[in-house]
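Some notes on the structure that comes next.
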2 protein chains.
Amino acid sequence: MNTRDRLIESTRTLLWERGYVGTSPKSIQQLAGVGQGSMYHHFSGKEELARAAIDRTAEEIGAAADAQLSVPGGAVERIAAYLRRERDVLKGCPIGRLTQDPDVMAAPVLREPVEETFTWLRTRLASVVTEGVDAGELSPAIDPAATASAIVATLQGGYVLARAADDARPFEQAIEGILALLGAYSAR
Amino acid sequence: MNTRDRLIESTRTLLWERGYVGTSPKSIQQLAGVGQGSMYHHFSGKEELARAAIDRTAEEIGAAADAQLSVPGGAVERIAAYLRRERDVLKGCPIGRLTQDPDVMAAPVLREPVEETFTWLRTRLASVVTEGVDAGELSPAIDPAATASAIVATLQGGYVLARAADDARPFEQAIEGILALLGAYSAR
DNA sequence: GTCTATATTTCGATAGAC
DNA sequence: GTCTATCGAAATATAGAC
């Protein structure tokens, strides 16, 4: 991997572990095994580097979610596959955690990819719910947008519960809890 | 308010807005209108002050939740009252945000009240769900612990969605989404 | 109890040699 | 492109006067 990529990867790791406020240029350089001058040659500073790191993570997250939600099968089945896929639960969501970072939310350039990721994810899930209604799998009484928001929120909040408990089980409970509720809302 | 209380209140405000890593002793002193020496006279340092602030917030959150969940009425009704109560949605949850703070999670003395708050909340909500089952309001097929985790997670994740969108509506959608699903799980 | 002065380390970036 | 040297400011405390 070249120097530029190593800097981006180090930044991704540190943003995930410590957030933007908690990540210093020095720590990025040390993790990447790169000197100061090298970092400032490739990037104007911490912000530009963070943007590159967030973009890369957002793209990965989006591609993975899209893949899970696009496999053949029913709507609930695909949502379950997405929610149940293997995750680093105790580390939390690398994009979701950025919403708690005041400097990220204050900088439009950093905030933009975070906003886009969640807007896209809610829209994508709402489509899957609508497909379930159209296929006669889910009740027409369901509100796709509200249900999609509830699903994404359960995922994000599940990370919060797991980190608070230092235990992945509350996350798994939350996922199984919402899936059970969703199953009960099947068309009957 | 005395100096000690002003320091705790300032710390509460700043922990909510900027987290632990993003809050400096200097900013606390300035917001409280207090000098350095004064702060270090009342508290050994940032950590001890943060613990006092977190304790106070955790107590308030717990008392408010307990009050909402204890009013007369059905289980779903009380859960709805709790979820729909007025909130500073875009500011997020003052306790939940701390789970994203690496230095909070690394310090047992700061982590403890966060863990206790969520453990208590999940347990309390599971009790309400169980009461709903016993009263014949909710289906006996429901898993109280999983449902409770899903409810708390939706709330916490709703804050994430709202902050990502810089708009309270995704939060409100998530709340209405889970309540609709819960309503569909009524005993029939 | 509260204040100011000081100390040490880190932050985030720039300068300039190679 | 990468390195080391340096910079001004901020973080987090401690010291000691009042």
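Treat the numbers as computed from the prediction; the structure is a model and nothing was measured. Chain A is the first sequence line, chain B the second, and so forth, proteins listed ahead of strands; every chain is numbered from 1.
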Result block: side-chain N/O donor-acceptor pairs under 3.5 angstrom for residues 129-136 of chain A, not counting sequence neighbours:
| from | atom 1 | to | atom 2 | distance (Å) |
| --- | --- | --- | --- | --- |
| Thr130(A) | OG1 | Ala126(A) | O | 3.0 |
| Glu131(A) | OE1 | Arg78(A) | NH1 | 3.2 |
| Glu131(A) | OE1 | Arg78(A) | NH2 | 2.8 |

From NE2 of His42(B) across to C1' of dA13(D) the rounded distance in Å is 17 Å
To the nearest Å, give me how far apart OH (Tyr40(B)) and P (dA11(D)) are. 11 Å
For residues Leu90(B) and Leu110(A): do they belong to one hydrophobic cluster (side chain heavy atoms under 4.5 Å, members Ile, Leu, Val, Met, Phe, Trp, Tyr)? no
Going 5' to 3' along DNA chain C, which are the first and last nucleotides with any atom under 4.0 Å from a heavy atom of chain A? dC11(C) to dT14(C)
Looking at residues at least two apart in the chain, or sitting in another chain, which of them share a side chain to side chain donor-acceptor pair (under 3.5 Å) with Arg84(B)? Glu176(B)
Considering only Ile, Leu, Val, Met, Phe, Trp and Tyr, and joining two whenever side-chain heavy atoms are under 4.5 Å apart, list the other residues clustered with [X].
| X | answer |
| --- | --- |
| Val21(B) | Val21(A) |
| Trp16(B) | none |
| Leu49(B) | Leu7(B), Ile8(B), Leu14(B), Ile28(B), Leu31(B), Val34(B), Met39(B), Tyr40(B), Phe43(B) |

For residues 8-39 of chain A, which residues have at least one heavy atom under 4.0 Å from DNA chain D? Val34(A), Gly35(A), Gln36(A), Gly37(A), Ser38(A)
What residues 105-113 of chain A contributes to the DNA chain D interface at heavy-atom separation below 4.0 Å is none
How would you list, by chain and number, every residue that makes a ring-ring contact (aromatic ring centres under 6.0 Å, His included) with Tyr20(A), sequence neighbours excluded? none
Can you name the side-chain contact (heavy atoms from CB on, under 4.5 Å) partners of Arg122(B), sequence neighbours left out? Leu161(A), Ala165(A), Pro170(A), Gln173(A), Thr119(B), Ser149(B), Val152(B)
Which pairs pass salt bridge (Lys or Arg N to Asp or Glu O under 4.0 Å) with one or both residues in residues 56-67 of chain B, sequence neighbours excluded? Asp5(B)-Arg56(B), Glu9(B)-Arg56(B), Arg12(B)-Glu60(B), Asp66(B)-Arg124(B)
Pairs meeting criterion side-chain hydrogen bond (donor to acceptor under 3.5 Å, both in side chains) with involvement of residues 162-171 of chain B, two or more places apart: Asp167(B)-Arg169(B)
